[in-house]
**Student:** 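Take a look at the following structure, please.
Letters A, B, ... are given to chains in the order of the sequence lines, protein chains preceding strands, and every chain is numbered from 1.
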2 protein chains.
Amino acid sequence: MNRRNTPTKEAVLNLLLNSSKALSQDAIERQLDIDINRATIYRVLNRFCEDNLVHKIVAEDGKQYFAICKKCENPQEIIKYHFHFRCLSCDTIECMQVPVEYSVPSGYEVQNANCVLTGTCNDCS
Amino acid sequence: MNRRNTPTKEAVLNLLLNSSKALSQDAIERQLDIDINRATIYRVLNRFCEDNLVHKIVAEDGKQYFAICKKCENPQEIIKYHFHFRCLSCDTIECMQVPVEYSVPSGYEVQNANCVLTGTCNDCS
DNA sequence: TATATTATTGCAATATTGTTGCATTAAAGA
DNA sequence: TCTTTAATGCAACAATATTGCAATAATATA
């Protein structure tokens with residue numbers, strides 16, 4: 001399944017690259033200049049996730065948010081997972097530098113961590 | 001807004017009390033002997049949450065899960081938040097004793113933490 | 001450059017989860 | 001027993017996300 005470059009893909013990627021926050025599908029649709037179908041946006045985002053370009057966070061509102069996290073790409077950092085912060089005031093989600101530290105009993109195998117702190121962010125407090 | 005005791009309330013509470021795992025609305029509906037309307041189950045659960053009898057976890061499947069966590073009630077433990085583990089194999093969510101440890105930059109105020117580890121649990125590995 | 005292959009897209013339909021309005025029922029105090 | 005109003009069932013609704021299918025277009029190949 002080879003990937004092809006399309007204006008859609010490029011537009012979504014650029015939006016994410018220029019955003020300091022994680023974005024939901026509807027936020028992406030709203031912020032894009034061009035009109036892209038909802039289903040297409042989801043498909044593009046899911047493909048990005050498959051290719052490890054983007055990571056997905058599910059907040060307690062049950063919605064999916066997507067982010068390109070530059071910190072993730074830092075090869076020095078072994079930190080695989082980091083906290084996310086959801087501000088209830090400005091309704092944004094951002095990647096925090098704070099790593100997720102945990103230990104699980106033997107027998108448990110962790111494949112992913114989805115950790116969201118909720119509250120008021122620096123800008124809104 | 002006084003609360004009243006009803007068979008529904010009692011049934012849901014007993015189910016949660018006897019469950020070692022966090023349950024979703026549909027799981028509760030399935031496991032109950034009596035037939036209870038979906039909306040009612042949600043209302044009962046949300047009331048339990050308001051009364052701090054139960055806590056709610058949102059997993060990466062976007063679904064809400066509810067649990068009575070005995071560990072939460074231990075007054076010795078200052079631990080407010082703990083990790084949850086979602087097993088992809090048996091599709092359950094359980095409360096872990098592992099506390100969530102984090103620090104946020106000044107200016108951020110944390111009101112809640114929703115942390116779910118995903119993978120394979122002890123029973124399934 | 002023209003053509004063939006097939007990844008990508010838009011559209012509509014569908015599934016799932018959760019909430020809300022409203023009339024009815026029933027718990028609990030007077 | 002009567003009154004108050006919390007709780008319930010039902011249907012409708014809202015929001016999020018996915019899927020099938022036909023049409024389109026990116027890319028490799030001739």
**Student:** Nearest of D:dA17, C:dG18, C:dT9 to any side-chain atom of B:Gln64?
**Tutor:**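 The answer is C:dG18, which lies nearest to the side chain.
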**Student:** Looking only at non-hydrogen atoms, find the nearest pair between B:Ile34 and B:Pro7 and report the distance.
**Tutor:**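 Distance-wise, the nearest heavy atoms are CD1-O, 4.4 Å.
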**Student:** With the side chain of B:Arg38 defined as its heavy atoms from C-beta on, choose the nearest nucleotide among D:dA12, D:dG9, D:dA17.
**Tutor:**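 Comparing D:dA12, D:dG9, D:dA17 against the side chain of B:Arg38, the answer is D:dA12.
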**Student:** Counting only heavy atoms not in A:Asp51, do more than 12 sit closer than 6.0 Å to its CG atom?
**Tutor:**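 More than 12 within 6.0 Å, yes.
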**Student:** Mind calculating the distance between CD (B:Glu60) and P (C:dT17) to the nearest angstrom?
**Tutor:**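 Those two atoms, CD and P, are 15 Å apart.
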**Student:** Looking at A:Tyr42, does any N or O in its side chain come under 4.0 Å of the phosphate oxygens OP1/OP2 on D:dT18?
**Tutor:**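 Answer no for this pair, as no side-chain N or O of A:Tyr42 is under 4.0 Å from OP1 or OP2.
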**Student:** Contact class for A:Asp61 (heavy atom, under 4.0 Å): base, sugar-phosphate, or nothing?
**Tutor:**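 Nothing, no heavy atom under 4.0 Å.
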**Student:** Output the residues of residues 4-34 of chain B in contact with DNA chain C, where contact means a heavy atom of the residue under 4.0 Å from an atom of the strand; sort by number or write none.
**Tutor:**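 Nucleic-acid contacts, sorted: B:Arg4, B:Asn5.
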**Student:** Mapping B:Tyr65 and A:Asn37 onto DNA chain C by nearest heavy atom, which one lands closer to the 5' end?
**Tutor:**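 That would be A:Asn37.
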**Student:** On DNA chain C, nearest-nucleotide positions of A:Val44 versus B:Arg3: which is more 5'?
**Tutor:**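 Closer to the 5' end of DNA chain C: A:Val44.
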**Student:** Looking only at the aromatic ring of each residue, does the gap between the centers of A:Tyr108 and B:Phe85 stay below 6.0 angstrom?
**Tutor:**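 Here the rings of A:Tyr108 and B:Phe85 have centres that are less than 6.0 Å from each other.
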**Student:** Below 3.5 Å, does any donor atom in the side chain of B:Arg43 face an acceptor in the base of C:dG18, or the other way round?
**Tutor:**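 It does not, because no donor-acceptor pair links the side chain of B:Arg43 to the base of C:dG18 below 3.5 Å.
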